[in-house]
Amino acid sequence: MTQATARAHSNIALIKYWGKRAGPGNLPAVGSISVTLDTLYTDTRVVFDPALAADRAQLDDAPADTTRLTPFLDLIRQRAGIDTRAAIVSHNNFPTGAGLASSASGFAALTLAATRAAGLDLDRRELSMLARQGSGSAARSIFGGLVEMHRGERDDGSDAYAEPILAPEDWPLDVVVAITDTASKKINSSIGMSNLDQRSDYYDAWVAHSESDLAGMREAIAARDFETLGALSEMSCLKLHGLMLSTRPGLIYWNPATVAAMHAVRDLRDAGTPVYFTIDAGPQVKALCPPSHSAEVARALAAVPGVLDTRRTGLGPAAYLLP
Ligand code: PMV
């Protein structure tokens, strides 16, 4: 038996990823830029056990489906030259599958733990490319701070990996998460973005404009320009949701409290607080602000009708092994 345990932090994209390009290995149609979050993470233990006849998984103390996990573990087994089945025990310290990027932290933690348990010692770029094959956003959770995921051009995906832009301490930023629903979403992002026939009429425009959005965000980060970072994040989020809404059938991830929280963020901003929102494939609202404003933002969001809870977090570290 060989085993390893890893922790990976969740991330949220400021410039969003949505859509796949042709080719094997889950290749993104667009690049993305994200922040890794300090207080939301997944711990995953992987044990390769010759006594097992099939892979087994447990998530937050309940048996979990291995349909997406076994093909992913097969990639690692193939690379390590082993055939042993694995037992996975994973725990999220936040609601699973509800738009808090549990697939990002989950697949990143699984990538690090499973490669180590299989006897592999891969560099971060290779880990990122492997994690991408579990979930596109997971490629970014291999790194901490501000992170860019490259779309890549090559058919084999060897240039589709994430890289760090800034370490967490290089530019302290806070994210206040307003939780408006803790149930798992009905259509997860992988399914939501994969069906070519159901694509929005706006899809080609989404892909065509992504490079300039990424370039603008890189410049804002280099200049530590929070207003531009925030404005571009809000724009990319709303553009993504326009794309989702215009998919056939339209994907509606918001609930009334999501919309109320978006207005609350804009009201705060109109009153002078530097704060911008972003939302992924779920109903939670993530407000970006300088750390000096996060207490005030959390108070305002907690008072929005329908907001169940708020969590404040700074920027978090890269994925790492636990003893
Ligand atoms: O790779 P997935 O299936 O976790 O998709 C991520 C999609 C969004 O969260 C909506 C955007 C993003 O870039 O994280």
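Note that the structure is predicted; figures quoted are calculated from it, not measured. Each ligand, and each atom within it, is numbered from 1 in the order the structure gives.
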Report task. Examine the side chains of Ser210 and Asp213 and answer whether a donor and an acceptor come within less than 3.5 Å of each other. Result ->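 Short answer, no.
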Salt bridge (Lys or Arg N to Asp or Glu O under 4.0 Å): pairs with one or both residues in [range], sequence neighbours excluded:
| range | answer |
| --- | --- |
| residues 253-269 | Glu234-Arg266, Glu234-Arg269 |
| residues 312-323 | none |
| residues 126-146 | Arg79-Glu126 |

Report task. Mind jotting down which protein residues get a heavy-atom contact under 4.0 Å with ligand 1? Chain and number order, please. Result ->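 Only Ala13, Lys16, Tyr17, Trp18, Ser103, Ser135, Gly136, Ser137, Arg140, Ser189, Ser190, Met193, Leu240, Asp280, Ala281 have heavy atoms that fall under 4.0 Å of ligand 1, ordered by chain and number.
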Requested in this report: Check the surroundings of atom CD in Glu227: do more than 12 heavy atoms from other residues, nucleotides or ligands lie under 6.0 Å from it?
Outcome: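 Counting neighbours around CD of Glu227, more than 12 heavy atoms of other residues, nucleotides or ligands fall under 6.0 Å, so yes.
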Requested in this report: Could you tell me if the ring centre of Tyr276 sits under 6.0 Å from that of Phe226?
Outcome: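 Between Phe226 and Tyr276, which both carry aromatic rings, the centre distance is below 6.0 Å.
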